[in-house]
Amino acid sequence: MIAEPENRGGAQSVEAERGPTVLRIALGGQLRKLRESKKITREAAGDAIRGSHAKISRLELGRTSFKERDIRDLLTLYGVDDPGERESFLELARKANEPGWWHRYGDLLPPWFGQYLGLEQAASKIRTYESHLVPGLLQTPDYARAVVTLGYEDSDTDRRVAFRQRRQEILHRTDPPVIWAVLDEAALHRPVGGRDVHRAQMEHLLDLTRLPNVTIQVVPFSAGEHAAAGSSFTILRFAETDLPDIVYLEQLTSALYLDRREDLALYLSVMDRLSVQAAPPEESRRIIADYTKGL
């Protein structure tokens, strides 16, 4: 679990195996609590590290890497003098600066997607609504290949497919996240990659429903209009209570990460309503199975 300011010596107890992004967020959150406990403004903290209040904001949100000199100066400003405690923070910063496994695919990824990968690896619960396609975490290699070549096909297609398969390893790890996917029925009916590929993808969805950590629901056409019509989104939740939920919205050339309380409340409400409008898991499984038989 993430250390609280009053128990700062436990800073190294953060679960490092879930990737560097969550470590950055955790460390940033602890620095924010330290600053607030001393009633120090972001502007004053920025001055202490020869930066700006915006840089402090980025650090505290875990959206940038840490320089050890900045950490040392901030800890001094915040009155953290114990050598062991300071080293604990610095060690956490070193781990947070280590590249994630996806770093070697950096040449293939749009700049906004790296943060999502880190969050996805760290999440304990992933709720996603997809209106047009099967979500990436649930795709077969052939379906993924058909999707990644929609925009272009080049010599890196195999690496793009391998990258998507690598992401899916979280489904089967020792402590996997809970995956709750709500699919519009249109995502089932949209043929991708030809009949054989599409049928195999539907069969794969049926197999995934047998995993204890995966729930798939289908919003049937008969449900009519719903609150998320036309807008796919993902909500990430983390085991650490310090970390807020994050809503991820992907666009053609960018992505949005929403963590404001009012945004989260809206999207959680929409997701809850979708889950009610969708067929229950067993009925959804029957819908997918019946559709697969007709392919």
Open item on the list: Between Glu98 and Arg94, does any NZ, NE, NH1 or NH2 come within less than 4.0 Å of an OD or OE carboxylate oxygen?
Closed with: no
Task: Check: His204 ring centroid to Tyr143 ring centroid under 6.0 Å - done: no
Task: Pairing of Asp272 and Arg127 as salt bridge, 4.0 angstrom limit - done: yes
TODO: Decide, yes or no, whether a salt bridge links Asp107 with Arg159 under the criterion of side-chain N to carboxylate O below 4.0 Å.
DONE: yes
Task: Where Ala48 and Leu77 come nearest, the two heavy atoms and their spacing - done: CB-CD2, 3.7 Å
TODO: Examine the side chains of Arg285 and Thr209 and answer whether a donor and an acceptor come within less than 3.5 Å of each other.
DONE: yes
Task: Phe233 side chain near Met271 side chain, heavy-atom distance below 4.5 Å - done: yes
Task: Presence of salt bridge, Arg286 and Glu283, under 4.0 angstrom - done: yes
Task: Ser269 side chain to Ala265 backbone, donor-acceptor under 3.5 Å - done: no
Open item on the list: Checking side-chain polar atoms at under 3.5 Å, does Trp180 have a donor or acceptor matched by the opposite partner on Gln217?
Closed with: yes
Task: Partner residues of Trp112 under the ring pair (Phe, Tyr, Trp, His ring centres under 6.0 Å) criterion, sequence neighbours left out - done: none
Task: Ion pair check, Arg24 and Glu60, cut-off under 4.0 Å - done: no
- [ ] Measure centre to centre between the rings of Tyr257 and Tyr248, then say whether the value is under 6.0 Å.
- [x] yes
Task: Any pair counted as ring pair (Phe, Tyr, Trp, His ring centres under 6.0 Å), so long as it reaches residues 33-66, sequence neighbours left out - done: none
Task: Greater than 12 external heavy atoms within 6.0 Å of Arg195's CZ - done: no
Open item on the list: Going by the rule ring pair (Phe, Tyr, Trp, His ring centres under 6.0 Å), which residues pair with Tyr105 if we only count those two or more places apart in sequence or in a different chain?
Closed with: Phe163
Task: Pair Lys33 + Glu36: basic N to acidic O under 4.0 Å - done: no
